[in-house]
Amino acid sequence: MTVTGDGRTGTPAASTSVTALALARRVEAELNAALAPLDLTVRRLGLLGHIAGVPGVSFSDLARMSGTTVQTAHASVKALVAAGLVRDHTSRAGSASTIELTPEGARLLQAARRAVAEVDERMFGPGADPAQRRVGDAVRAAFGGDPSS
């Protein structure tokens, strides 16, 4: 039983989906705040991670991995190229591309990973709310991570 701001009592949300969505929004907000000093967003970080994780990734593969369209992948990569974070080795329009991180992109990705680790620690580490710690442990266990980290 919980007490609302106006003193009424009620039960906590019973929907796993609604609870997970609410937590996901909090995590995304924390991540975006931590990444902002690096001039990154969660979305841009995801693209950099995909590009780093799949050397020579194509636009089609990048779009598939990112859950976007090929056109959106092109526009996103163009912005990353303009920022000096990736290189697009396109021989000519309409031909296959290979996209890779620049040294600056790799440096920024490492800095972003440190920022993400700080958010993980704050939101799911030993000092976090016990329910959030259990969520973090469950996610790590489900996806092969160390439950104590």
Side-chain angles (χ1 to χ4, degrees), residues 1-86 88 97-149:
M1 178 100 44
T2 59
V3 178
T4 62
D6 61 3
R8 294 179 296 139
T9 58
T11 57
S15 168
T16 303
S17 298
V18 170
T19 302
L21 181 60
L23 182 57
R25 287 185 175 158
R26 283 188 54 216
V27 170
E28 184 173 16
E30 290 282 332
L31 286 172
N32 278 323
L35 294 170
L38 302 172
D39 197 27
L40 282 177
T41 62
V42 171
R43 182 177 171 167
R44 283 183 83 181
L45 172 60
L47 287 169
L48 288 175
H50 290 313
I51 292 167
V54 184
V57 67
S58 69
F59 282 103
S60 296
D61 289 338
L62 188 57
R64 213 174 356 267
M65 291 186 299
S66 302
T68 63
T69 65
V70 173
Q71 294 81 4
T72 299
H74 272 280
S76 298
V77 167
K78 186 176 181 178
L80 293 173
V81 168
L85 303 175
V86 301
D88 173 14
S97 293
T98 54
I99 306 159
E100 65 183 12
L101 290 183
T102 63
E104 177 61 18
R107 185 204 60 75
L108 186 62
L109 184 57
Q110 285 303 314
R113 286 179 175 152
R114 288 189 296 274
V116 168
E118 290 171 8
V119 171
D120 284 349
E121 180 70 18
R122 189 169 54 253
M123 297 222 40
F124 302 105
D129 175 89
Q132 286 178 211
R133 281 198 318 265
R134 288 193 304 273
V135 169
D137 289 346
V139 169
R140 286 185 295 273
F143 294 97
D146 177 8
S148 64
S149 63

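Closest approach of F124 and Q132 over heavy atoms only: CD2-O, 3.1 Å. The minimum heavy-atom distance between P126 and E121, with the atom names listed, is CD-OE2, 3.2 Å. Residue S66 comes nearest to L47 through the heavy atom pair OG-CD2, 3.3 Å, listed as atom of the first residue, atom of the second, then distance. Closest heavy-atom contact between L35 and A115: CD2-CB, 4.3 Å.
From D61, atom CG reaches atom OG1 of T98 across 12.0 Å, with rounding to the nearest 0.5 Å. With values rounded to the nearest 0.5 angstrom, S60 atom OG is found 10.5 Å from M65 atom CE. Note that OG1 of T102 is 5.5 Å distant from CG of L85, once rounded to the nearest 0.5 Å. Summarising the geometry, atom OG1 belonging to T68 is positioned 6.5 Å from atom CG belonging to L62; distances are rounded to the nearest 0.5 Å. A distance of 9.5 Å separates CG in L45 from NE2 in H50, rounded to the nearest 0.5 Å.
A salt bridge does not link R134 with D137: every distance from a Lys NZ or Arg NE/NH1/NH2 to an Asp or Glu carboxylate oxygen is 4.0 Å or more. A salt bridge links R107 to E104: one of the charged nitrogens lies within less than 4.0 Å of a carboxylate oxygen.
Residue-environment remark: CZ (R122) exceeds the threshold of 12 foreign heavy atoms within 6.0 Å. Sparse packing is recorded around CG of D39, with 12 or fewer heavy atoms of other residues, nucleotides or ligands lying under 6.0 Å away.
At least one side-chain heavy atom of L31 sits less than 4.5 Å from a side-chain heavy atom of V116. S76 has its side chain out of reach of R44: every pair of non-hydrogen atoms, C-beta onward, lies at least 4.5 Å apart. Proximity of Q110 to R113: side-chain heavy atoms (C-beta onward) are separated by under 4.5 Å at one or more points. A 4.5 Å side-chain heavy-atom check between L48 and L40 finds at least one atom pair inside the cut-off. With contacts defined as side-chain heavy-atom distances shorter than 4.5 Å, the pair L109/I51 does not qualify. Contact of the M123 side chain with the L23 side chain is registered, since non-hydrogen atoms from C-beta on lie closer than 4.5 Å.
Side-chain atoms of D88 do not come within 3.5 Å of backbone N or O of K78 as any donor-acceptor pair.
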